[in-house]
Amino acid sequence: MAVSTAATPAAAQPTMLDPAVLEEYIAFLSLPNDAANPADALANARFVQAMMHRRGIASELLYDPDREAPPAVFGEVKTPGATKTIVFYAHYDGQPVVPERWAPGLSPFRPVAISRPIEQGGTVLGPWTPEARFPDGWRLAARSAADDKAGVMVALNAFRDPAGTAARLGVNVKFFFEGEEEKGSPNLHAILHAHSDKLESDLWVMVDGPRHTAGYRAMVLGVRGVVDVGITVYGANRPLHAGNYGNWAPNPALQLAALLGSLKDADGRILIPGFYDDAVPASAAELAEIAKAPSMDATRQSLGIARTQGGGKLHGELVLLPGIEITGLRAGATDAKAANVIPTEAEARLDMRLVKGDRIDRQLARLKRFVEGQGYHVLDRAPTAEERLAHPLIARIVSGFGYEAQRTSLDEPMVMRVKHLLERVSPDRLVVVPSTGGSLPLSLFAHELGAPMVTIPVVNADNNQHGENENVDPAFLAEGIANIRAIMEDGFPSS
């Protein structure tokens, strides 16, 4: 396998993965992998086990005690003389798909090559074959091509690829590939607790996520926590003619819009009292790394945004603050089905992000008190007829499963060693990110197992993860394999 590193951050240089690597990966991507479908989840877990078997890795499926979740796939290789153990994590499940939203010629589980991202004018090149000669910068398009079957593929090929190229291990290596991450990992804690003896280690390396948005390699030390929140505001108990009842009957859509508008000021600062109080401030070392990160202005321009929020703070500073974003709104209809009626209710979905120091219960309580402070009677269910007559403003607030934030100190010796290894293996710039804005269930690992964690993203930033036309640049996969192999081959000597 020949590996070339990127000379520029925007795109990897032409590189060749061994045909056997791509052939195996395409077969992997062809398996549907929505964690909500147990049969699909088990088929993917078995495929990962077969990948391990071909590389000489002993493996087993780790279940939660009640067998309610897709299994994690575990593998272990002991290295004679090694003094450190590293677990490599990725997840084999993916987000649900809406096939009709994918571009013509693309299908979520029929991987094909595209010249570049469809949104950037890319075209479909057709299925990959060993004889194919695609232009530089081509992508492989399929669900989970980037998030996160790429992590499974990179970690296992860093150990040994199908052509036989093997790492010269300096540490004991374990693999832990989860099957429920895209559902919020609701059963992960039970799996970790039940199998904690197998998962003892000195470091976890999470192979997940995209490189820095400016295109550079990244080493990520933490993630935000997350919990989904639903807010429903109620009006009359039946739809009302907007002409006959307008100016007289309360409109829940307007009420909800006003409530949501009161959550933040014009510059995006959250106005919920106490919402920032528990956040652990960034250390001097973290702020120094944030200051060294590339400018996000090119990203801003590519997104068509005239002005960003945050009061002049850098992007890296802002993701160390808790957040609330509106990710969905529903009230009546706006398309051809729209009618001149005042809706009976209006509904919003909020994405609440937590940072180190935050607790889910405390942040949810602050949100509830804030809504009550706007005059609402807050429930966790739909109101009764009596409650509708007794309270002029009613809001239902419900939350789903979530987990809290995690952040590893930059001073952690093994983390510093990883940074050194990544800087040595490639001339491409490495950006140290104290915390990414996204989420992984790392707090569950920290609470149950205690070992430090570092995340190594390996895929292109413009990969459309979670959306239609998801894609990955194979050149970045090759570079990721080289980076992860460097970690496996180091002995991590004591300082």
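Basis for what follows: all heavy atoms, side chains included, without hydrogens, waters or symmetry-related copies.
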**Q** Measuring from R424:CZ to L430:CG, what's the distance to the nearest 0.5 Å?
**A** 13.5 Å
**Q** Check R211 with D473, please: is the shortest side-chain N to carboxylate O separation under 4.0 Å?
**A** no
**Q** Let me see the working for N157 and R55 under side chain to side chain donor-acceptor pair (under 3.5 Å), right down to the final yes or no.
**A** CA-CA 9 Å; N157 281 295; R55 290 161 175 81; 3.0 Å; yes
**Q** Does a salt bridge link K149 with E470, judged by any charged N lying under 4.0 Å from a carboxylate O?
**A** no
**Q** Taking the basic N atoms (NZ, or NE/NH1/NH2) and the acidic carboxylate oxygens, is any pair closer than 4.0 Å for E423 and R217?
**A** no
**Q** To the nearest 0.5 Å, what is the distance between OG (S435) and CZ (R224)?
**A** 7.0 Å
**Q** Is there a side chain to side chain donor-acceptor pair (under 3.5 Å) between N464 and E468? Walk through the geometry before answering.
**A** CA-CA 7 Å; N464 282 27; E468 56 269 21; over 6 Å; no
**Q** Before giving the answer on side chain to side chain donor-acceptor pair (under 3.5 Å), spell out for D351 and T327 the whole-Å C-alpha distance, their side-chain angles and the decisive distance to 0.1 Å.
**A** CA-CA 6 Å; D351 178 282; T327 57; 5.8 Å; no
**Q** With under 30° as parallel and over 60° as perpendicular, where do the rings of F176 and W204 fit, or are they tilted in between?
**A** perpendicular
**Q** Can a salt bridge be assigned to the pair R396 and E345 using a cut-off of 4.0 Å between side-chain N and carboxylate O?
**A** no
**Q** Quick check, are the ring centers of F88 and F159 under 6.0 angstrom apart?
**A** no
**Q** Return yes if a side-chain donor-acceptor contact under 3.5 Å exists between D64 and H189, otherwise no.
**A** no
